Amino acid sequence: MTINHNHYLDLAFHLAEKNLGQTKLNPSVGTVIVKNGAVISTGVTSFQGRPHSEFNALNNLKNCSGASLYTTLEPCTHYGKTPPCTNIISKKKIKNVFYAFEDPDNRTFKKAKKILSKKGIQAKLIRTKKYIKFYKSYFVNKKLSIPFVTAKIAVSKDYLTINKKEKWITNEVSRNKVHLLRSRHDCVLSTSKSINHDDSLLNCRINGLKNIKPALFIIDLKLKLKKKLSLNKYLKIRKTFIITSKTHISKTSVYKKLGYKIIFVNKLENKNDLNFLYKKIYKMGYSRMLIETGLTFLNNLIKNKMINELYIFKSSKKLGKNGSNNNTSIFLKKIHPKLLTINLNGDSLLKKEF
């Protein structure tokens with residue numbers, strides 16, 4: 001009987017996608033256990049990154065001797081806060097292991113196959129073009145020690161980003177898509193200027209996602225963030241940081257009393273400064289960051305090549321005199337609409353990868 005390995009790997013990737021952005025510095029991994037042609041167990045990396053998916057799939061199985069294990073990423077081979085997944089795979093007498101990507105972590109890279117073969121377990125890498133971009137963020141994490149950075153912005157049909165008369169530019173379908181996008185990231189980066197203007201919450205507010213609370217980082221070098229904002233009522237249940245200049249150390253006490261956490265930087269003027277901030281955020285345990293700011297800061301990031309992908313939510317309506325921009329939208333206009341074609345009930349979603 002011919003076994004369709006890609007079918008089981010598809011199932012594993014669907015599982016991994018569920019916790020994408022919710023596993024801290026560990027990648028979200030999906031695992032499927034198959035015996036006699038039937039799926040007998042599944043697992044996904046837990047929230048906060050532990051236990052790993054292989055452990056979750058195998059731990060409670062009593063009879064999986066001779067079964068095959070399909071997993072999206074090479075099983076870990078090193079001792080960290082938990083034992084290596086190759087241990088429980090061997091203990092449970094798994095016969096075959098199939099995985100779609102090699103783990104770029106030097107402690108595991110290309111080691112699982114050798115370790116498992118010594119224990120009589122056949123391990124095989126099955127490359128798949130279908131999910132070639134799934135671990136793009138994890139590879140960026142491991143290579144550069146910074147978060148994978150996604151940016152989003154809403155524009156009118158005439159490429160204006162500020163609605164003078166209403167809060168929203170795009171429709172409800174687009175806004176719900178943004179909530180879903182936030183749920184795939186463990187932190188959001190914005191500016192005090194953007195938050196003051198919109199009184200924005202930048203959280204997940206659709207059914208099924210309300211318990212997901214990505215941390216919020218607010219760049220506010222001159223401490224201009226308003227003291228009375230809607231997001232203040234969430235400060236006890238959501239980590240919210242103000243990034244400010246070291247020259248304002250004495251002025252931060254009022255924000256601390258409100259519940260904000262303070263991060264001091266010298267300046268944020270060039271690519272090196274931004275990279276320093278990215279590394280600081282990654283070191284705090286955040287691996288996927290969504291940028292939600294106005295055009296000025298976004299253009300600065302694009303100029304310095306500091307984002308990995310950009311989502312543009314484009315309205316089907318023009319704003320004309322009811323809209324404006326604080327900076328040039330030339331780059332947004334240059335993006336070809338066929339990069340990603342998704343109709344959002346009249347609005348369109350464009351995506352640019354860098």
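Being a predicted model, the structure only gives us computed values, none of them experimental. Because only heavy atoms are used, hydrogens play no part in the values below, and waters and symmetry mates are left out as well, while side chains stay in.
Of the possible polar contacts, one joining the Asn343 side chain to the Asn345 backbone as a donor-acceptor pair under 3.5 Å is found. When atom types are taken as modelled, the side chain of Tyr255 and the backbone of Leu225 share a donor-acceptor pair closer than 3.5 angstrom. At least one donor-acceptor pair under 3.5 Å links the side chain of His248 to the backbone N or O of Leu221. Of the possible polar contacts, none joining the Ser287 side chain to the Pro147 backbone as a donor-acceptor pair under 3.5 Å is found. In this structure, the side chain of Asn141 engages the main chain of Ile146 through a donor-acceptor pair within 3.5 Å. Checked by atom type and distance alone, the side chain of Thr77 never pairs as donor or acceptor with a backbone atom of Lys111 at under 3.5 Å. With hydrogens and angles ignored, the 3.5 Å screen pairs a side-chain donor or acceptor of Glu74 with a backbone N or O of Lys110. Arg175 contributes a side-chain N or O that, together with a main-chain N or O of Thr170, makes up a donor-acceptor pair within less than 3.5 Å. One N or O on the side chain of Asn299 and one on the backbone of Thr328 form a donor-acceptor pair closer than 3.5 Å. Between the side chain of Asn19 and the backbone N or O of Thr45 there is at least one donor-acceptor pair closer than 3.5 Å.
Taking hydrophobic clusters as Ile, Leu, Val, Met, Phe, Trp and Tyr residues chained together by side-chain heavy-atom distances below 4.5 Å, Ile307 shares a cluster with Val155. Tyr234 and Ile262 fall within a single hydrophobic cluster, where Ile, Leu, Val, Met, Phe, Trp and Tyr side chains are chained together by heavy-atom contacts under 4.5 Å. By the rule that hydrophobic residues join a cluster once side-chain heavy atoms approach within less than 4.5 Å of another member, Leu350 and Ile291 end up as members of one cluster. Under the 4.5 Å side-chain heavy-atom criterion for Ile, Leu, Val, Met, Phe, Trp and Tyr, Leu344 and Leu181 are members of the same hydrophobic cluster. Following chains of ILVMFWY side-chain contacts shorter than 4.5 Å, one can reach Ile40 starting from Ile94, so the two form part of one hydrophobic cluster.
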Test Leu202 against Leu290 for side chain to side chain contact (heavy atoms under 4.5 Å, CB included), laying out the working first.
CA-CA 10 Å; Leu202 303 178; Leu290 179 63; over 6 Å; no

Salt bridge (charged side-chain N to carboxylate O under 4.0 Å, His left out) evaluation trace for Asp273 with Lys267:
CA-CA 7 Å; Asp273 297 337; Lys267 53 188 174 62; 3.1 Å; yes

Does Asp347 form a salt bridge (charged side-chain N to carboxylate O under 4.0 Å, His left out) with Lys314? I'd like the steps, not just the answer.
CA-CA 6 Å; Asp347 287 358; Lys314 187 179 178 183; over 6 Å; no

Is there a side chain to side chain donor-acceptor pair (under 3.5 Å) between Lys227 and Asn232 once you walk through the steps?
CA-CA 8 Å; Lys227 307 300 189 301; Asn232 287 0; over 6 Å; no

Evaluation steps, side chain to side chain contact (heavy atoms under 4.5 Å, CB included), between Cys76 and His52:
CA-CA 9 Å; Cys76 68; His52 292 181; 3.5 Å; yes

Would Asp105 and His78 count as a side chain to side chain contact (heavy atoms under 4.5 Å, CB included) if you check the C-alpha gap in whole Å, the side-chain angles of each, and the deciding distance to 0.1 Å?
CA-CA 10 Å; Asp105 190 317; His78 61 277; 4.3 Å; yes

Please test Ile242 against Ile263 for side chain to side chain contact (heavy atoms under 4.5 Å, CB included), starting from the C-alpha separation and ending with a verdict.
CA-CA 6 Å; Ile242 293 177; Ile263 296 175; over 6 Å; no

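In this structure, OG1 on Thr240 lies 5.0 Å from CG on Leu235, to the nearest 0.5 angstrom. With rounding to the nearest 0.5 angstrom, the SG atom of Cys187 is 5.5 Å from the CE atom of Met289. Note that OG of Ser329 is 7.0 Å distant from CG of Leu160, once rounded to the nearest 0.5 Å. Put simply, OG on Ser190 and CD on Glu292 are 7.0 Å apart, with the number rounded to the nearest 0.5 Å. Separating the OG1 atom in Thr108 from the CD atom in Glu102 is a distance of 11.5 Å, to the nearest 0.5 Å. In this structure, CD1 on Ile237 lies 5.0 Å from NZ on Lys213, to the nearest 0.5 angstrom.
Between Leu349 and Ile312, every side-chain heavy-atom pair lies at or beyond the 4.5 Å cut-off. Side chains of Trp168 and Asn163 form no contact here, defined as non-hydrogen atoms less than 4.5 Å apart. The side-chain heavy atoms of Lys257 and Val254, taken from C-beta on, include no pair separated by under 4.5 Å. Tyr286 is not listed as a side-chain neighbour of His185, based on a closest heavy-atom distance of 4.5 Å or more. Here the side chains of Lys317 and Lys157 are not in contact, with every heavy-atom distance at 4.5 Å or above. Between Ile243 and Leu277 there is a side-chain heavy-atom pair separated by less than 4.5 Å. Side-chain contact between Cys204 and Pro214: present, with at least one pair of heavy atoms (C-beta onward) separated by less than 4.5 Å. The closest side-chain heavy-atom distance from Thr244 to Val265 is not below 4.5 Å.
Residue Lys24 places its NZ atom among more than 12 non-hydrogen atoms of other residues, nucleotides or ligands, all under 6.0 Å distant. With a 6.0 Å radius and a threshold of 12 heavy atoms from other residues, nucleotides or ligands, Lys280 has its NZ atom at or below the threshold. In this structure, Asn270 places its CG atom where more than 12 heavy-atom neighbours from other residues, nucleotides or ligands lie under 6.0 Å away. Remark: Lys152 NZ is packed, more than 12 non-hydrogen atoms of other residues, nucleotides or ligands lying under 6.0 Å away. Within 6.0 Å of NZ on Lys318 lie no more than 12 heavy atoms contributed by other residues, nucleotides or ligands. Surrounding NZ of Lys119 are more than 12 heavy atoms belonging to other residues, nucleotides or ligands, all under 6.0 Å away.
Looking at every heavy atom in both residues, Ala57 comes nearest to Ile33 through CB-CG1, 4.0 Å. In plain terms, the two heavy atoms of Leu319 and Ser156 that are nearest each other are CG-CB, 3.6 Å.
A salt bridge links Asp10 and Lys130; the closest N-O separation between the charged side-chain nitrogens and carboxylate oxygens is under 4.0 Å. Looking at Glu17 and Arg184, a side-chain N of the basic residue comes within less than 4.0 Å of a carboxylate O on the acidic one, giving a salt bridge. Under 4.0 Å is where a charged nitrogen must lie from a carboxylate oxygen, and between Lys167 and Asp198 no such pair does.
For residues 115-139, the pairs satisfying ring-ring contact (aromatic ring centres under 6.0 Å, His included) are Phe13-Tyr131, Phe13-Phe134, Phe101-Tyr135, with sequence neighbours left out.
Defined by atom type and a distance below 3.5 Å, a donor-acceptor pair is present between the side-chain atoms of Ser46 and Asn56. One side chain, Lys35 or Asn63, offers a donor N or O that lies under 3.5 Å from an acceptor on the other.
Checked against Thr161 for a side chain to side chain donor-acceptor pair (under 3.5 Å), the options Asn326, Asn327, Asn325 give a single hit: Asn325. Shown are Thr31, Thr72, Thr42; of these, the side-chain contact (heavy atoms from CB on, under 4.5 Å) with Leu15 is made only by Thr42.
Take Tyr70 and apply the ring pair (Phe, Tyr, Trp, His ring centres under 6.0 Å) test, not counting sequence neighbours, and it matches His5, Tyr8, Phe98.
Under a cutoff of 6.0 Å and an axis angle of 45°, Lys136 and Phe148 do not form a cation-pi pair.
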